[in-house]
Amino acid sequence: MPRWAVVTLVVAGALVVLVPVGIFVGYVYAYGENHKDMRFPSDDVTVARCGLDPATRRPVAELSITSGAVRDGTFAVTVGFLDGQGATADRGTGAALEVAPGATGTTVVTGTKAFGRDAPRCVVEDAVFASTETSAATGP
């Protein structure tokens, strides 16, 4: 086989392997750059206090929500109340209405049923942000 044919086959084989790898690496890099500043509403929520209501023995979580959003909005937060084994024994949902950007809102989430003797551990399971501002394009 002539030398030029061997060189052509090696170059073509290398391109068949390296071009898709290069495209994949470029895609992964671009995807990471586009999503590096992504913000999740659950990042804005902290559990300020977790305990039991002394009268009803239901679990109670006091939440502090510091909005990192760029618009006013409402946060709906689901809290899981974990027992001593780490299993979810109850859940509750609370809302902080009209929280301005950079401002802090609070809400109290109460479980639906009486808890055991031990204090629960409160975990933010989900947080959803919905903007309450209307767009200038849809205004009068």
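The residues of the chain are indexed from 1 along the displayed sequence. Quantities reported herein were computed from a predicted structural model and do not represent experimental measurements.
- A donor-acceptor contact closer than 3.5 angstrom links the side chains of T112 and D90.
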Criterion side-chain contact (heavy atoms from CB on, under 4.5 Å) on V109 and R91, from CA distance to verdict: CA-CA 9 Å; V109 178; R91 283 188 177 87; over 6 Å; no

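- Proximity of V124 to V47: side-chain heavy atoms (C-beta onward) are separated by under 4.5 Å at one or more points.
- Residues L52 and P120 are in side-chain contact: their nearest non-hydrogen atoms beyond the backbone lie under 4.5 Å apart.
- In this structure, D43 CG and T66 OG1 are separated by 12.0 Å, a value rounded to the nearest 0.5 Å.
- Considering only residues two or more places apart in sequence or on other chains, R121 meets the salt bridge (Lys or Arg N to Asp or Glu O under 4.0 Å) condition with none of them.
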Sequence neighbours left out, cut at 3.5 Å: what donor-acceptor pairs do the side chains of residues 2-22 make with other protein atoms?
from	atom 1	to	atom 2	distance (Å)
T8	OG1	W4	O	2.7

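- Interatomic distance, OG1 of T46 versus CG of L63, reported as 7.5 Å (0.5 Å rounding).
- Contact detail for D44 and G68: the closest heavy-atom pair is OD2-N, 3.1 Å.
- Closest non-hydrogen pair, A100 versus S67, comes out as O-CB, 3.5 Å.
- Between atom CG of residue D126 and atom OG1 of residue T93 there is a gap of 8.5 Å, rounded to the nearest 0.5 Å.
- Contact record, E125 with G80: OE2-CA, 3.5 Å, taken as the closest heavy-atom pair.
- No donor-acceptor pair closer than 3.5 Å links the side chain of T107 to the backbone N or O of A96.
- The environment of R71 atom CZ is sparse: at most 12 non-hydrogen atoms of other residues, nucleotides or ligands sit within 6.0 angstrom.
- For F75, the ring-ring contact (aromatic ring centres under 6.0 Å, His included) criterion is met by F129, not counting sequence neighbours.
- Side-chain atoms of T88 and L82, non-hydrogen and from C-beta on, do get closer than 4.5 Å to each other.
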Worked check of side-chain contact (heavy atoms from CB on, under 4.5 Å) between D83 and D118: CA-CA 8 Å; D83 61 16; D118 300 328; over 6 Å; no

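- Contact between E98 and D72 at its shortest, heavy atoms only, is OE1-CB, 4.4 Å.
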